[in-house]
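A short worksheet on the structure shown next.
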Amino acid sequence: MVAFNVAHAQNAADVAKPAAHAAAPLINGYQPVWWKEAVVYQIYPRSFQDSNGDGIGDLNGITKHLDYLQKLGVDVIWLSPHYDSPNADNGYDIRDYRKVMKEFGTMADFDRMLAAIKARHMRLIIDLVVNHSSDEHHWFAESRSSKDNPYRDYYFWRDGRPNPDDPSHPLPPNNYPSYFSGPAWQYDAATQQFYLHLFAVKQPDLNWDNPKVRQDVFSLMRFWLDKGVDGFRMDVIPLISKQPGLPDLTAEQLKDPSRPWANGPHRDEYLQQMNREVLSKYDVMTVGEALGITLDEEPKIVNSERNELNMVFNFDAIRLNRGAGDTEHPWTLPQLKAIYDNHARVLGKQDWDTVFLSNHDNPRLVSNFGDDSTLEFRVRSAKLLETMLLTLRGTPFVYQGDELGMTNYPFERVDQFDDIAVKNAYRELVVTGKVTEAQFIAVVRRIGRDNARTPMQWTAAPNAGFTTPSAKPWLAVNPNCTTINAAEEEANPNSVYHYTLRAIALHHAHQAFVYGDYRDLDPTNTQMYAYTRSLAVPGKPAERFLVVLNFGEKPVEYTLPDGMKAGKLLLANVPGTVEAGTSTLHLGAWEARAYTY
Ligand code: GLC
Ligand code: CA
């Protein structure tokens, strides 16, 4: 029998307690703090760098490339899950929260990586996946073993509903669908009950209403914080408080189950407890994946006076081109601008925002929001998107490979995918004859998650320098690695990489890009995105910046509103640009510039 581990040793935190930020004067009404000023880079470890030729990226591979990240200007690394896992969902199904996934290395490798990150004055946040565990976690092994096991109530177990057609096969307890196809309930013959899994069958949901679960989670958080990690990205964190009694979803709710799931009655209470008992004792940054949370609800989680999380990933922008059933649907520039405008209006000085347009769950940035159809457009639009990411309001998150302008993979067959979401959807849709194979592939090749998960392209060599030339990478390397790779990008001063480096440097050089006001100059314009970031701090010269982005291939002549003039040119994605000091600008396909004004 495993003892519930609620006690925790006196820890480093008591020493490293944050010097209260209260002393620092507000900047434009905002409390200044390092995570507001940071540029974050997300690493998907499985695909970053393989150091031992087994075709799987690992921690030593990350350590090897820290100079690359430091040179780029990265302040914080967000590491997707590195914990022991049977990998039903690539590490988002954790078997042991205090162990490193064996494919990724050892705890000694982790410690070495962390020390090397700190030695370069960078920080590390790790993924906290605690809405669910793996079904191979010992908590679940205990839980499923009998109805009176002390761990039974760590998960959601319910009797099935009578099945009139087949009494020996009860129906699931309610009508919840899972995110990865099929019902969110799995029958377990051992105790003849169902358990809840909002994601895969191998990802049973933890019961946060059980105080012991909360204490066990807090304890594992302290374990990593005491090692010196600088915070967490919290996976689907709003889902931790379930609806009491788990009633059926209504027809209306079934259109978007994330909404009721994310708004359980104890969500804020549990996050506040986590903050009080754990987070507040360390100088950390937290970002919650705000699945199911609308913008107007966001301050409940991020308002600093409420003591929950620092910021969340709101999906408004990244899902702009998604329709029902996760298909693609057209979007317009005014819609995108309206999102950022709403964010600036709704989130006040006590709240903080994130800016991100890609991650490991979405297609590649340039393929999704830019134009990867020609070399010229790919390079320009990738740079344009990096410009936007690094000059909008909020902490920017760069996803690995986007700084090279990496693209979607040319998927042609379902067997080229690894992602459980794609495989399950294939079974549910194609195998049952609901859609044809060709229709299915046409959609998932555009929006499938594996597009972002193909290995990093370091060189033009076979396997792109991700692993040894003779190894078989866990997911195929994009054949365009012969032209899109870090070695080429680092050698070419006009590359996406060097541009991103300059855009990060610009972000760091001026507090206006962090704490400044945001104003959209022309919200209805369907091709030009023009906005300002401005900051007036008493005793300092005002900082005023203008960003102009031509979101398309059509050249535009654009006259700035209100007699405004573009001043000094600070950043331009087309080499040789000189236009400055004028109120009428001429922008070619996908041109992006930043000026003073
Ligand atoms: C989050 C992760 C995603 C994962 C899911 C279940 O959305 O980003 O990759 O599949 O949660 O943990
Ligand atoms: Ca490896």
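In listed order, ligands and their atoms are each counted from 1.
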- Message: Please output the residues near ligand 1 using a strict heavy-atom distance under 4.0 Å, listed in chain and residue-number order.
- Response: Asp89, Tyr92, His132, Phe180, Phe199, Gln203, Arg233, Asp235, Val236, Glu289, His360, Asp361, Arg449, Arg453
- Task: Compute the ring centroids of Phe356 and Trp78, then answer whether they are less than 6.0 Å apart.
- Result: no
- Establish, from distance only, whether the side-chain atoms of Tyr44 and Asn90 form a donor-acceptor pair under 3.5 Å. yes
- Of the backbone and side-chain N, O or S atoms of Ser51, does one lie nearer to the Ca ion (ligand 2) than 3.0 Å? no
- Message: Checking Trp352 against Thr395: is there a side-chain donor and acceptor pair closer than 3.5 Å?
- Response: yes
- Message: Report the atom name of the nearest N/O/S atom of Asp50 relative to the Ca ion (ligand 2).
- Response: OD1
- Answer yes if the side chains of Asp58 and Asn60 hold a donor-acceptor pair under 3.5 Å, and no otherwise. no
- Item | Residue pair Ser219 / Arg98, side-chain donor-acceptor N/O under 3.5 Å | yes
- Do Trp458 and Tyr68 have ring centres separated by under 6.0 Å? yes
- Query: From the Ca ion (ligand 2) out to just under 3.0 Å, does an N/O/S atom of Asp58 turn up?
  - Reply: yes
- Query: Regarding Tyr92 and His360, is there a side-chain donor-to-acceptor distance under 3.5 Å anywhere?
  - Reply: yes
- Query: Of all the N, O or S atoms in Asp54, which one sits nearest to the Ca ion (ligand 2)?
  - Reply: OD1
- Message: Under 3.0 Å from the Ca ion (ligand 2), is there any N, O or S atom belonging to Gly105?
- Response: no
- salt bridge (charged side-chain N to carboxylate O under 4.0 Å, His left out): pairs with one or both residues in residues 394-411, sequence neighbours excluded: Arg364-Asp402
